[in-house]
Each structure stands twice: as C-alpha cells, then as structure tokens.
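Everything on this sheet refers to the single structure shown next.
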Amino acid sequence: MKCPSITLVQSLKMRYPSVMLVLFPFFFVFLWESNSPSVSSDTFTQCLTSNSDPKHPISPALFFPGNGSYSSVLEAYIRNLRFNTSNTPKPFLIIAATHESHVQAAVACGKYHKLQMKIRSGGHDYDGLSYVTRSGKPFFVLDMFNLRSVDVDVASKTAWVQTGATLGEVYYYIWEKSKTLAYPAGVCPTVGVGGHVSGGGYGNLMRKYGLTVDNTLDARMVNVNGKILDRKLMGEDLFWAINGGGGSSYGVVLAYKLNLVDVPETVTVFNVSRTLEQDATEIVYRWQKVAPELPDEVFIRLFIDVVNGTVSTQKTVRVAFICMFLGDATTLLSILNRRLPELGLVRSDCIETSWVQSVFLWTNMKVGTSERVLLDRNQTTNYLKRKSDYVREPISRTGLESIWKKMIELEIPTMAFNPYGGAMGRISSTATPFPYRFGNLWKIQYAANWREDRLTDRNIELARELYQFMTPFVSKNPRQSFYNYRDVDLGTNPHNGKIRSYVEGKRYGKKYFAGNFERLVKIKTRVDSGNFFRNEQSIPVLPLSAYLFDYWLEKIFV
C-alpha cells in the first residue's frame, strides 16, 4: 500500500504543477518535522563518517558526553556562567570541525536525523543561543574554533579569515605584515569572527570606516544542501543576508573576505574619568551633542558606572571617557579643547601608540603589552546580562540627573554610550541588514556582571529595571536593539508551525532589523524553506500563504 501523503502530493503535482513547485518543499517539511528525533551516538557517528572526507577523519573531532574532553571543549567558549550550570541543557554531541567536509557532514546528518544544530564560533553570545537550547529537544553543537586561519594580503589590503578565528588573531596577523593596516571590528580580542561579522559588528573605527559588515567583500558558506558557496554562487541577496543578518539562519559561514583599512603609524588614545562631583553631568550633556559631529577620526565612548563617593557611605556616578584618535596627541588636544573643553583634557592624559597596541587600552590592559597576547583565547568569565538601545535625541540635563539617580539606586548595572555620526550617517540603512544609521546619536549597551549564581535573578532584574527606566530617552516604535547583543527578553521563537514562528520572529526581528526584517525573511524562505538553520532568535520562514502570494505577485508583475 502506498503512503497516503505521497499519493496526495503526486495528485496535486499533476493538477497544479506550478503551485506545487512552491508547495512541495513546505509539505515535505511538515511531514519531516512531525517526527521527533531519535538517534544513537553510533548511528550518528556512522552518518558523519560516511559524509565527510576520509582523508580528513572526523572521529577525532567528535565529543560525546562520555568522552573525557567533552566538558572542557564545551566550557572553553562559554563566556556567560549562567549557561554553565548543572541544569543547563547540554548537547548530545560537539563537532569541533577541523575540515570543511566536517561542516558539510554535520549539516547532512543533522537534517537526516532531524536534529537541531547550534553553530558556535567564539562564545561571546550573551544569551547562549549558539550552544544552549530552550526547546528541551536533543541538539548538537557545531563548534568552529579549529577553523581559524587568517590569510592577509597586504598588496590588495584584504584578508580571508575563517569564522573560528578571534578578532585578536585577526589583529595580530594583520600587524605582523603591516603596521599601517587595520580592520574595523570590536574592541574585545576574544570575540569570534563568525558571530561578530554575521551579526553586524562594530568598533572604535566605525565613525571613520563604518561597521564590520561594511568592510566584507566575500564569503564561503555551506548551505542547507551541503554545498560550499562563495559570493558569486550564492548571489547578492544571500550574501547581503549573512553579512549582518545572522549567518546561522541561512547556513554555516566558513570564512569571510575582509577589507582592510589604512591607519597612521601613530594613533592616540586616552581613558579619563569624571564623577558627578567633577561635573560629569555637564560634560556628558555636552558630549552627546559634540561626539557625533567630531571629525570621523575621533571616537569617544562613555562607560558609566556607580562607585564610592568622597564619603565612603555615599555612592556617585563615574563616567569614563575612552577615546581612539587616528592621529597624534597635539592634533587631538586641539580638537577637543575647542569642541569639548568641559572635559579638561591635558597632554599627560594622552598615549601615542600604534593601532595594534591601542587595542590593549580598550581591554583594560597596559599599552606596551606583547602583541602575542592577542593570540590568547582565554578570558575571565562572569555571570552576565546585556541589553541595548539607540538614542536619537539629546537627553536634557534634568533627564541625565534622573538617570544618575536611578543608577545609584540600582548600583549594579552599567551603561556604555557608543557615538555615531561620521561614516555611520553616510551609509544607507539598507546597504546591509544592519538598519540603524543616520539619525542615531549613539548606541547604549546595558551590562550587569556578577560572580555568584545566587545573585542571578536579582541582577537580571536590576538590568531590566534600568532598561525600563530609560524608555523615555531612547528610540520608539519599535524600540531598537543591536543583534550582536542578543537579548531573549525581546522574544524567543519555538518554531512550532510556520505562522506562529513568523509572528514570534517578527517580535524580535523588527527590533533588530527594522525595515530589513521582511527582506531577510524572504531570503530565508527561499534558501532554507525547511528552517533547518534555526535558533531561538533566528530569522523565520514565511507562512505558506504569504509565500505563495508573493510568488504569484512576482509572476504577474515582474
């Protein structure tokens, strides 16, 4: 007796062949997803072995819970201790790929055995979506940390970088070959390239050269069919999507080709702090009007926290002004003493150094540290929570004073203000999936760190309370958020049915991607209609009815 579902599909294909070209993949996925996964470690290992290159055996890259190295491999790139407890869901397997064929095998076998695959490139995943599931279903982790080659070409000012590399490794290998080239990316050297680029990426060169994604030239990825594609083969739509729209929603990005930028041999940095008693309110009030309008070569971040005041029983707000300037100290002093005299910057505050050495100031290390430290992947871990916002209008002095009062009340959460302007105001909001360009004055990162698990619930609530308090001062309709600062408070997606999945995905997707969200959904639907590449905040696929409607409109009007 024939399977009734196949008979129905064949009948529909005979009557409505053009419709079924679109319908069939969705029907098949419905049948495929209706079965819960069940696979033994031996069966899965056999599948992986059969689907990978025998010249590059995959078995040494497999780590099951019974393996002695399983815990160390899993924990090596967990940066948030909230997701390293005995109650945290653990993968039934980690594939620490050492060859591209291992990635292809992981995709093929994950699909065949109906298992969710998480893709991890560095672990700076604030809410753990690259290595933890909230579904309660079995899953495995494809860990990219072994795929980390960095190939710098000084002549063309480009570099091919595998996604398991860290930013520190990229910076180091650029510095090895050139003292006047750099890469516009994050200030934390242990961030993985894969997540950083695919989620947007920014750093202290963004006012001069734009975001990380504004400096991506090409990519190599494994798609849902296990094929390796470059930019030409994948097409401009898919390349656009994986360059800031969350690469793990569309496939496994193996490497990015980066555009390197020119920097002078000498740059200037400083980190000076002012408390409320030292007129911090007035300086911040002035900073918010000046920072986005300064020359593109100047980037001044604010880091705001609560410290002991002059009287030990009292608390005060401290504001650290952290600056990168692509030039010498004399020029920087001339600019800031004219444009931001309230800061009172003096020559002794400034450090002239190389661009690669400037990285250490941003990581609270001493300028002059050996460059080889950039190759160190170890990092102190904390329990943490992060959130984000965008500010489009200056905050009044009264508003700032109310914020300081709230921070002193809460004590734990901090804020970082990252100024926009410069190149950020000149690049179109649709050039990449990252939409928040012109009209934004600065971005806020809210942070709470702690060392004891018992403080987790309380400190997360403190971060949320500060975030809620900031509502009148930040963007609205929707309230905007930065995708690289993943925040499950914005919504999560169980991917239970395409309509529900789309509705849930739109909740967080619009906040991350604004008007670019729908384009990302359409690309996702076209390249991964079965939604194999998914996590709790991935791009959803369109419901079938909407997809068919778009398809027919295209046929009629294009």
Side-chain angles (χ1 to χ4, degrees), residues 48 51-53 56-63 69-70 72-79 83 91 93-110 115-125 128-133 139-151 159-170 173 185-186 188-199 201 212 216 218-224 226-230 242-243 246-258 375 377-379 484 486 532-535 538:
L48 292 168
N51 283 276
S52 58
D53 187 344
H56 301 275
I58 197 171
S59 55
L62 306 182
F63 298 89
S69 300
Y70 172 87
S72 61
V73 172
L74 176 62
E75 294 171 8
Y77 295 95
I78 294 178
R79 307 301 188 194
F83 306 113
L93 167 67
I94 303 168
I95 305 175
T98 58
H99 188 259
E100 291 181 346
S101 71
H102 299 171
V103 176
Q104 293 172 293
V107 172
C109 296
L115 284 168
Q116 184 178 11
M117 179 175 73
K118 297 278 187 171
I119 308 165
R120 184 168 74 168
S121 70
H124 280 256
D125 180 353
L129 303 186
S130 61
Y131 55 90
V132 175
T133 184
F139 71 104
F140 68 99
V141 170
L142 173 61
D143 212 323
M144 303 293 285
F145 70 90
N146 284 320
L147 296 174
R148 61 205 217 199
S149 67
V150 179
D151 184 11
W160 270 105
V161 178
Q162 288 186 307
T163 51
T166 63
L167 296 183
E169 289 168 336
V170 175
Y173 291 118
C188 184
T190 55
V191 168
V193 166
H196 188 70
V197 177
S198 72
T212 306
T216 308
D218 203 341
R220 283 172 56 81
M221 69 171 290
V222 175
N223 72 0
V224 73
K227 294 181 179 179
I228 296 179
L229 310 175
D230 62 9
I242 66 171
N243 189 36
S248 60
S249 290
Y250 303 92
V252 183
V253 182
L254 300 169
Y256 285 107
K257 186 179 183 181
L258 315 177
L375 302 177
R377 288 174 160 245
N378 297 325
Q379 177 177 308
N484 266 359
R486 300 283 277 277
F532 172 70
F533 295 110
R534 67 189 186 278
N535 59 54
S538 58

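In this structure, Tyr250 has no ring pair (Phe, Tyr, Trp, His ring centres under 6.0 Å) partners at least two apart in sequence or on a different chain. For Arg79, the salt bridge (Lys or Arg N to Asp or Glu O under 4.0 Å) criterion is met by no residue, not counting sequence neighbours. Applying the ring pair (Phe, Tyr, Trp, His ring centres under 6.0 Å) rule to Phe533 yields no partners; only residues at least two apart in sequence or on another chain are considered. With sequence neighbours left out, Arg486 forms a salt bridge (Lys or Arg N to Asp or Glu O under 4.0 Å) with no residue at all. Under the rule for a side chain to side chain contact (heavy atoms under 4.5 Å, CB included), the partners of Ser198 that lie at least two apart in sequence or sit in another chain are Tyr256.
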Margin query: Between Leu147 and Val103, does the side chain to side chain contact (heavy atoms under 4.5 Å, CB included) criterion hold? Intermediate values first, please.
Written below: CA-CA 10 Å; Leu147 296 174; Val103 176; 4.0 Å; yes
Next item on the list: Tell me, with the steps shown, if Val193 and Glu169 meet side chain to side chain contact (heavy atoms under 4.5 Å, CB included).
Entry: CA-CA 10 Å; Val193 166; Glu169 289 168 336; over 6 Å; no
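Between Asn378 and Thr190, the shortest heavy-atom contact is O-CG2, 3.9 Å. Between Thr163 and Ala255, the shortest heavy-atom contact is CG2-N, 3.9 Å. In this structure, Phe145 and Arg148 approach most closely via the heavy-atom pair O-CD, 2.8 Å. Heavy atoms only, all atoms of each residue included: Pro91 and Phe140 are closest at CB-CA, 4.0 Å. Shown here for Val253 and Met221, the closest heavy-atom pair between the two residues is CA-CB, 3.9 Å. Taking every heavy atom of both residues into account, Ala97 and Leu142 meet most closely at CB-CD1, 4.0 Å.
Side-chain atoms of Ser52 never come within 3.5 Å of backbone atoms of Ala105 as a donor-acceptor pair (strictly under, hydrogens ignored). Remark: the backbone N or O of His102 is not paired with any side-chain donor or acceptor of His56 at under 3.5 angstrom.
Put simply, CG on Asn484 and NE2 on His196 are 6.5 Å apart, with the number rounded to the nearest 0.5 Å. For the atom pair Leu93 CG and Cys109 SG, the distance stands at 10.0 Å (nearest 0.5 Å). Interatomic distance, CD1 of Ile95 versus CG of Leu48, reported as 4.5 Å (0.5 Å rounding). Summarising the geometry, atom OG1 belonging to Thr212 is positioned 7.5 Å from atom CG belonging to Leu167; distances are rounded to the nearest 0.5 Å. A distance of 6.5 Å separates CD of Glu100 from CD of Gln162, quoted to the nearest 0.5 Å. In this structure, Asp218 CG and Trp160 CH2 are separated by 4.0 Å, a value rounded to the nearest 0.5 Å.
For the residue pair Asp53 and Ser101, no side-chain donor N or O sits within less than 3.5 Å of a side-chain acceptor on the partner.
Using a 4.5 Å heavy-atom cutoff, the side chains of Tyr173 and Ser149 are not in contact. Using a 4.5 Å heavy-atom cutoff, the side chains of Lys257 and Asp230 are not in contact.
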Report, one line per pair, each donor and acceptor closer than 3.5 Å where one atom sits in a side chain of residues 115-122; sequence neighbours left out.
unit_1	atom_1	unit_2	atom_2	d
Gln116	NE2	Arg534	O	3.1
Lys118	NZ	Leu129	O	3.0
Lys118	NZ	Val132	O	2.9
Lys118	NZ	Glu536	OE1	2.6
Arg120	NE	Asp143	OD2	3.0
Arg120	NH1	Leu74	O	3.0
Arg120	NH2	Val73	O	3.2
Arg120	NH2	Leu74	O	3.2
Arg120	NH2	Asp143	OD2	2.6
Ser121	OG	Gly195	N	3.0

